[in-house]
Amino acid sequence: MEIYDNSVFIKTDRLVLRRFSVNDIKYFHSYRSNPAVSLFQSWENYQYSEAESFVNDQIKNMPNQPGTWFQFAIALAKNDQLIGDCALHTPLNEPRIVEIGFTLSPEYQGNGYASEAVSGLLHYIFHSLGKHKVTAFSDVRNQKSIAVLERVNMRQEGHLLQNYMSKGQWVDEYQYAILQSEWKKRKGLLT
Ligand SMILES: CC(C)(COP(=O)(O)OP(=O)(O)OC[C@H]1O[C@@H](n2cnc3c(N)ncnc32)[C@H](O)[C@@H]1OP(=O)(O)O)[C@@H](O)C(=O)NCCC(=O)NCCS
């Protein structure tokens, strides 16, 4: 397997989704450890050592390996500044149905970057990887995340009661999804 330190998988108008590099660790840790970012996530008090081992693992990984999560670094196309990350989970038992997740540093929220990154990721998943369906889960209280999922035309297809443990509490989640056929229809690739 070829491994690049900084390879770009996806390009959009303003962004690149690329492999993480060791130069990203400091900034990655600074936004992941921000309580506003972890509010609706399973983690809290994210440590520098966790950021280091996370990035070092991602440097060695490739997307689309059944049984793994791959994390893309989201960077500004103009200067390669890391602004967030998005994840692709390829399950072992059914790798044609994948799950995504996304996070932006608070400094870069409110510019449409998350929606742009997720649209690019959907294009990569359906067009380059040929997947059948993409799912995403959001805490029902996470309005900003729900807005991103709706902006990229994912559909709410489930309300899952007490579906994950966050900060010592069982929390409800919405399941969102989009089929390859729905995505192609929106793009005018299918009649
Ligand atoms: C979820 C999250 C990524 C959303 O970030 P975001 O910046 O609100 O989302 P977008 O990048 O799509 O930006 C949308 C906002 O940018 C504004 N905007 C400005 N310029 C824009 C442009 N050129 N295009 C589109 N939107 C633009 C929109 O009006 C919208 O503002 P609003 O929230 O006031 O309505 C962010 O809140 C986050 O990282 N949260 C913590 C992690 C998390 O909970 N992740 C979800 C788990 S699945």
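Just so you know, ligand 1 is whichever comes first in the structure, and atom 1 is the first atom listed for that ligand.
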Q) Are Tyr164 and Phe137 an aromatic pair by the rule of ring centers under 6.0 Å? A)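 They do not qualify: ring centres at least 6.0 Å apart.
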[X] atom [atom1], neighbour heavy-atom count above 12 within 6.0 Å:
{"X": "Arg96", "atom1": "CZ", "value": "no"}
{"X": "His127", "atom1": "NE2", "value": "no"}
{"X": "Lys26", "atom1": "NZ", "value": "no"}

Using a strict cut-off of 4.0 Å, indicate which atoms of ligand 1 neighbour a heavy atom of [X].
{"X": "Phe137", "result": "48 (S)"}
{"X": "Asn142", "result": "43 (C), 44 (O), 46 (C)"}
{"X": "Gln41", "result": "42 (C), 43 (C), 44 (O), 45 (N), 46 (C), 47 (C)"}
{"X": "Val148", "result": "4 (C), 9 (O), 12 (O)"}
{"X": "Tyr113", "result": "11 (O)"}

Report the nearest protein non-hydrogen atom to [atom]: residue, atom name, distance rounded to 0.1 Å.
{"atom": "atom 34 (O) of ligand 1", "value": "Lys144 NZ, 4.8 Å"}
{"atom": "atom 37 (O) of ligand 1", "value": "Gln109 OE1, 3.4 Å"}
{"atom": "atom 13 (O) of ligand 1", "value": "Gly112 N, 3.0 Å"}
{"atom": "atom 39 (O) of ligand 1", "value": "Leu104 N, 2.8 Å"}

Minimum distance, heavy atoms only, to [atom]: which one of [options] is it?
{"atom": "atom 35 (O) of ligand 1", "options": "Glu99, Arg151, Glu173", "value": "Arg151"}
{"atom": "atom 12 (O) of ligand 1", "options": "Gly84, Ala36, Ser115", "value": "Ser115"}
{"atom": "atom 7 (O) of ligand 1", "options": "Gly110, Ser105, Ala114", "value": "Gly110"}

Do protein heavy atoms approach [atom] to less than 4.0 Å?
{"atom": "atom 41 (C) of ligand 1", "result": "yes"}
{"atom": "atom 3 (C) of ligand 1", "result": "yes"}
{"atom": "atom 32 (P) of ligand 1", "result": "no"}
{"atom": "atom 29 (O) of ligand 1", "result": "no"}
{"atom": "atom 10 (P) of ligand 1", "result": "yes"}

Q) For ligand 1, is any non-hydrogen atom under 4.0 Å from Asn111's backbone (N, CA, C, O), its side chain (CB onward), both, or neither? A)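 Asn111 to ligand 1: backbone contact only, side chain stays beyond 4.0 Å.
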Q. Does ligand 1 have a heavy atom under 4.0 Å from the side chain of Tyr108, from its backbone, from both, or from neither?
A.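 Tyr108 to ligand 1: no contact under 4.0 Å from either part.
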Q: Would you please test Tyr46 and Phe54 for ring pair (Phe, Tyr, Trp, His ring centres under 6.0 Å) and show each step?
A: CA-CA 11 Å; Tyr46 198 71; Phe54 179 90; 7.1 Å; no
Q: Before giving the answer on side chain to side chain contact (heavy atoms under 4.5 Å, CB included), spell out for Phe126 and Val134 the whole-Å C-alpha distance, their side-chain angles and the decisive distance to 0.1 Å.
A: CA-CA 9 Å; Phe126 288 129; Val134 174; 3.5 Å; yes
Q.
Measuring from non-hydrogen atoms of Glu116 to any atom of ligand 1, is the shortest distance under 4.0 Å?
A.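 Flag not set, Glu116 not near ligand 1.
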Q: May I ask you to check if ligand 1 and Val37 share an N or O to N or O distance below 3.5 Å?
A: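 Between Val37 and ligand 1 (N or O atoms, distance only) the closest approach is not under 3.5 Å.
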Q) Phe102 to ligand 1: N or O pair under 3.5 Å? A)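 N/O-N/O distance below 3.5 Å exists for this pair.
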**Q.** Tyr124 and Phe72: CA distance, side-chain angles, deciding distance, side chain to side chain contact (heavy atoms under 4.5 Å, CB included) verdict
**A.** CA-CA 12 Å; Tyr124 174 75; Phe72 299 88; 3.8 Å; yes
Q: Report the relative orientation of the aromatic rings in His89 and Trp69; use parallel for angles under 30°, tilted for 30 to 60°, perpendicular for over 60°.
A: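 Judged by the thresholds at 30° and 60°, the geometry between His89 and Trp69 is parallel.
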Q: Could you tell me how the ring of Tyr48 sits relative to the ring of His29: parallel (under 30°), tilted (30 to 60°) or perpendicular (over 60°)?
A: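 If you compare the ring of Tyr48 with that of His29, the planes turn out perpendicular.
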Q: Any chance you could lay out the side chain to side chain contact (heavy atoms under 4.5 Å, CB included) test for Arg155 and Leu179, step after step, and finish with the verdict?
A: CA-CA 9 Å; Arg155 225 177 347 89; Leu179 296 169; 4.2 Å; yes
**Q.** Separation between CG of Leu129 and OG1 of Thr90, rounded to the nearest 0.5 Å
**A.**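 Between Leu129 CG and Thr90 OG1, I get 7.5 Å after rounding to 0.5 Å.
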Q: Ignoring hydrogens and angles, state whether a donor on the side chain of Glu107 or Tyr27 is under 3.5 Å from an acceptor on the partner side chain.
A: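 There is such a pair between these side chains.
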Q: Output all residues satisfying ring-ring contact (aromatic ring centres under 6.0 Å, His included) with Phe102, sequence neighbours left out; order by chain, then residue number.
A: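 By the ring-ring contact (aromatic ring centres under 6.0 Å, His included) rule, Phe102 matches no residue at all.
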